[in-house]
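Below: one structure, written as structure tokens.
Residue numbers start at 1 and run along the sequence shown.
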Amino acid sequence: MSDSIDHLPTRIILTGTRSAFIGSNLVSDGYHAAVATIVIGLDADIELTRFEEQEDVNQTGPISVIAPGTLCHFETNGGIALLFCDVLSDDYAEIDMRGIEGRIGALRQLLQRGPTDELPRDYLDQVFHLIGVDSEPISRPDIARVVAAIGKEPANFATVESAANLAGLSPTRFQHVFTQTVGMPFRRYRQWRRMGQVIRALADGESLTQAAHAAGFASSAHLSTAFKA
């Protein structure tokens, strides 16, 4: 691979918990992620604007952290990495932004290289460790059990009640605890994991309709609408 960002291949890395996109910046409109996202400019700083109720917040730097459900817009010249956090174990709020700036060169090199002999999970563990985020299990095994089950079979959870039963909680209590623990509502997280399953199915050669049905979407049109949202 050339050292030039112009020749950086697009990579999508899915591990079941953490995931990543590495390549050209494809975000032309507002960005609104289901999970916490770490954004890294691979050869230039990022200009990021968060759209908040009181006033817009602007910042510029090599790395930015976007909390779940935050509407924002970002621009950078060249390549970009979007690192999607594990909702159960990654405490993105504890990232030392000043400390990372001293390691940004090594971080960019690792992201540009991509995984070689490592398993995708091991590779992303290296990346997150360099950022200063290491996995630590949450103290809610009931919610962790649901998250793990959704990751394996997201199409199985058509209703909140089915997930609440697995957690051993009432639907109302489950939705409150799930949002508090994971950082987003159950339905939004379920949608996020279904999208991951669709990407895997398409990579394995399935048609869009087959991938949509396997992930729990009613049709490819339903999937397309959800994907755009």
Side-chain contact test, heavy atoms from C-beta onward, threshold under 4.5 Å: evaluate it for Thr70 versus Tyr31 and give yes or no.
no
Looking only at heavy atoms, the pair that brings Val146 and Ala163 closest together is CG2-O, 3.5 Å
CD1 of Ile131 to CZ of Arg103, rounded to nearest 0.5 Å, is 9.0 Å
field: Flag side-chain contact, heavy atom, 4.5 Å: Phe74 against Thr49
entry: no
I'd like to check Phe178 versus Val147 (side-chain heavy atoms, cut-off strictly below 4.5 Å). Are they in contact?
yes
Any Ile100 side-chain heavy atom under 4.5 Å of Leu130 side chain | no
Residue pairs meeting salt bridge (charged side-chain N to carboxylate O under 4.0 Å, His left out), one or both in residues 169-184, sequence neighbours left out, come to none
| Beyond-backbone contact of Arg140 with Gln180, side-chain heavy atoms, under 4.5 angstrom | no
Worksheet item: Should Val57 and Val39 be regarded as members of a common hydrophobic cluster, given that ILVMFWY residues are connected when their side-chain heavy atoms come within less than 4.5 Å of each other, either directly or indirectly?
Response: no
Arg18 and Val133 have their tightest heavy-atom pair at NH2-O, 3.4 Å
Between Thr10 and Phe21, does the side-chain contact (heavy atoms from CB on, under 4.5 Å) criterion hold? Intermediate values first, please. CA-CA 7 Å; Thr10 297; Phe21 169 89; 3.6 Å; yes
Closest heavy-atom pair, Leu14 versus Ser19, reported as atoms and distance to 0.1 Å, is CD2-CB, 3.7 Å
One should read off an interatomic distance between Asp204 CG and Ile199 CD1, to the nearest 0.5 angstrom, of 12.0 Å
For Asp43 and Arg108, the nearest pair of non-hydrogen atoms, with its separation, is N-NE, 4.1 Å
* Do the non-hydrogen side-chain atoms of Phe174 and Ile143 ever get within less than 4.5 Å of each other? -> yes
- Message: Is there a side-chain contact (heavy atoms from CB on, under 4.5 Å) between Met195 and Leu223? Walk through the geometry before answering.
- Response: CA-CA 8 Å; Met195 291 296 177; Leu223 166 63; 3.8 Å; yes
Note: with side-chain heavy atoms under 4.5 Å as the link, the other cluster members for Leu71 come out as Phe51
So the side chain to side chain donor-acceptor pair (under 3.5 Å) pairs with at least one residue in residues 188-197 (sequence neighbours excluded) are Tyr189-Arg193
For residues 144-155, the side chain to side chain donor-acceptor pair (under 3.5 Å) pairs (sequence neighbours left out) are none
Taken to the nearest 0.5 Å, the spacing of Glu118 CD from Asp125 CG works out to 10.5 Å
Output for pair (Asp90 CG, Phe84 CZ), nearest 0.5 Å, gives 13.0 Å
Heavy-atom closest pair (Thr179 atom, Pro185 atom, distance to 0.1 Å) is OG1-CA, 3.4 Å
Practice problem: State, yes or no, whether a side-chain contact exists between Asn58 and Glu47 at a heavy-atom distance under 4.5 Å. | Solution: no
Taken to the nearest 0.5 Å, the spacing of Ile66 CD1 from Cys72 SG works out to 3.5 Å
**Prompt:** When you look at Ser162 and Asn156, which way does the side-chain contact (heavy atoms from CB on, under 4.5 Å) test go after all the steps?
**Reply:** CA-CA 8 Å; Ser162 59; Asn156 287 350; over 6 Å; no
Without placing hydrogens or testing angles, list every side-chain donor-acceptor pair under 3.5 Å for residues 206-216, not counting sequence neighbours.
unit_1: Ser207; atom_1: OG; unit_2: Gln210; atom_2: N; d: 3.1
unit_1: Ser207; atom_1: OG; unit_2: Gln210; atom_2: OE1; d: 3.3
unit_1: Gln210; atom_1: OE1; unit_2: Ser207; atom_2: N; d: 2.9
unit_1: His213; atom_1: NE2; unit_2: Ala218; atom_2: O; d: 3.2

CD1 (Ile22) and CG (Leu82) are apart, to the nearest 0.5 Å, by 9.5 Å
Please report the C-alpha distance between Leu83 and Leu111 in whole Å, then the side-chain angles of each, then the deciding distance to 0.1 Å, and finally whether the side-chain contact (heavy atoms from CB on, under 4.5 Å) criterion is met.
CA-CA 10 Å; Leu83 307 175; Leu111 288 166; 4.1 Å; yes
(message) Quick check: do Thr15 and Leu119 have side-chain heavy atoms less than 4.5 Å from each other?
(response) no
Applied to residues 98-130, the ring-ring contact (aromatic ring centres under 6.0 Å, His included) test, sequence neighbours excluded, yields none
Check: Can you tell me if Glu75 uses its side chain to pair, donor with acceptor, with the backbone of Ile46 under 3.5 Å?
Finding: no
Here the pair of heavy atoms bringing Thr76 nearest to Gly41 is OG1-CA, 4.2 Å
